[in-house]
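Encoded as structure tokens, the structure appears first; notes follow it.
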Amino acid sequence: MTSLMRNPVFYGSLGLILVALPCLYYFFMGVSGTMVTETEYANGNRSTVVETVRQGAFNPFLLIFIIGAGVAAYGCYRNTQMAWIGSIFVLVYSILAVFSIGLLLLPGALLLIIGSALKTMKKNA
């Protein structure tokens, strides 16, 4: 158990999963919301239509998170610089997107940072 907690690949893989799953979900499903449209006719009557819409589906911004997390996870396995670049990238973008999806991705970004730190400690030891 102790060797698992000191393994950077474990943190990289777990961080990748925690970042990729919400991003893929929102990429394919979007966020449901309502759209209200009101139409006024020439005779003075008004018509209001309320419909459920999926907003944000197929947004490429979410794929950027997955690519960054993939770079960080691969870096936790092979290369220290890639681990730091990917994890800092995901952390900064999750802070910038904190009001949309960033709060869901923050634990995964922190796990990627921990994996990067462990990879650096293993390299120096």
Side-chain angles (χ1 to χ4, degrees):
M1 183 68 178
T2 314
S3 64
L4 183 65
M5 299 307 281
R6 293 182 185 168
N7 190 356
V9 177
F10 171 72
Y11 288 103
S13 301
L14 192 59
L16 176 65
I17 290 169
L18 287 178
V19 169
L21 287 181
C23 285
L24 286 175
Y25 176 75
Y26 286 116
F27 179 77
F28 288 113
M29 295 302 293
V31 178
S32 64
T34 57
M35 183 173 66
V36 179
T37 55
E38 186 173 353
T39 306
E40 185 172 347
Y41 298 104
N43 61 3
N45 292 339
R46 290 186 177 184
S47 171
T48 304
V49 177
V50 179
E51 56 187 332
T52 302
V53 294
R54 294 278 183 185
Q55 299 172 346
F58 303 110
N59 187 356
F61 176 70
L62 297 171
L63 296 179
I64 293 172
F65 281 110
I66 297 172
I67 292 169
V71 167
Y74 183 74
C76 286
Y77 179 64
R78 289 282 183 182
N79 190 349
T80 306
Q81 290 178 344
M82 285 178 68
W84 280 111
I85 289 170
S87 59
I88 295 295
F89 179 80
V90 172
L91 180 67
V92 168
Y93 269 28
S94 65
I95 290 172
L96 288 176
V98 75
F99 294 113
S100 59
I101 193 172
L103 200 58
L104 290 173
L105 305 180
L106 197 58
L110 293 177
L111 285 173
L112 290 171
I113 292 282
I114 292 170
S116 301
L118 287 174
K119 180 69 175 174
T120 303
M121 288 186 337
K122 274 192 163 187
K123 184 178 180 182
N124 292 338

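This one's a predicted model, so the numbers in the text were calculated from it and none came from an experiment.
With rounding to the nearest 0.5 angstrom, the CD1 atom of I114 is 10.5 Å from the CZ atom of F10. One distance of note links OG1 of T80 with NZ of K122; it measures 11.5 Å at 0.5 Å rounding. Taken to the nearest 0.5 Å, the CG atom of L103 stands 11.0 Å off from the CD1 atom of I95. In this structure, CG on L62 lies 10.0 Å from OH on Y26, to the nearest 0.5 angstrom. Distance check: Y93 OH to I101 CD1 gives 14.5 Å after rounding to the nearest 0.5 Å. Atom CG of residue L118 and atom CD1 of residue I113 lie 11.5 Å apart, to the nearest 0.5 angstrom.
L4 is connected to Y11 through a chain of hydrophobic side-chain contacts under 4.5 Å among Ile, Leu, Val, Met, Phe, Trp and Tyr, so both are in one cluster. In the hydrophobic cluster analysis, where Ile, Leu, Val, Met, Phe, Trp and Tyr join through side-chain heavy atoms closer than 4.5 angstrom, F99 is grouped apart from L91. Residues I66 and F28 share a hydrophobic cluster, clusters being chains of Ile/Leu/Val/Met/Phe/Trp/Tyr side chains in contact below 4.5 Å. No continuous path of hydrophobic side-chain contacts links M29 to M35 [ILVMFWY only; heavy atoms under 4.5 Å]. Each of V9 and M5 belongs to its own hydrophobic cluster when Ile, Leu, Val, Met, Phe, Trp and Tyr are linked at side-chain heavy-atom distances under 4.5 angstrom.
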Set out, in order, the CA-CA distance, both residues' side-chain angles and the distance that settles side-chain contact (heavy atoms from CB on, under 4.5 Å) for L104 and V19, then state yes or no. CA-CA 8 Å; L104 290 173; V19 169; over 6 Å; no

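Heavy-atom contacts from other residues, nucleotides or ligands closer than 6.0 Å to OH of Y25 number 12 or fewer. Counting heavy atoms of neighbouring residues, nucleotides and ligands inside a 6.0 Å radius, atom CZ of F89 exceeds 12 of them.
Closest of all the heavy-atom pairs between V90 and A69 is CG2-N, 3.4 Å. Contact detail for P8 and C76: the closest heavy-atom pair is O-CB, 3.5 Å. Minimum heavy-atom separation, L105 to S94: CB-CB, 4.2 Å. Taking each heavy atom of L112 and L16 in turn, the nearest pair found is CD2-N, 4.1 Å.
A donor-acceptor pair under 3.5 Å links the side-chain atoms of S87 to the main chain of W84, judged by distance alone. With Y74 contributing its side chain and G12 its backbone, the two residues share no donor-acceptor pair below 3.5 Å. Counting only distance, with no hydrogens or angles, the side chain of S116 and the backbone of A83 share a donor-acceptor pair below 3.5 Å.
Every residue meeting the side-chain contact (heavy atoms from CB on, under 4.5 Å) condition with Y41, not counting sequence neighbours, appears here in chain and number order: T39, N43, N45, S47. A search for side-chain contact (heavy atoms from CB on, under 4.5 Å) contacts involving I85 returns nothing, not counting sequence neighbours.
Between F65 and F61, the ring planes lie perpendicular to each other; the angle is over 60°, past the 30° to 60° tilted range.
Y77 is not listed as a side-chain neighbour of K119, based on a closest heavy-atom distance of 4.5 Å or more. Using a 4.5 Å heavy-atom cutoff, the side chains of T37 and V50 are not in contact.
Within the structure, the salt bridge (charged side-chain N to carboxylate O under 4.0 Å, His left out) test picks out the following pairs touching residues 20-41 (sequence neighbours left out): E38-R46, E40-R46.
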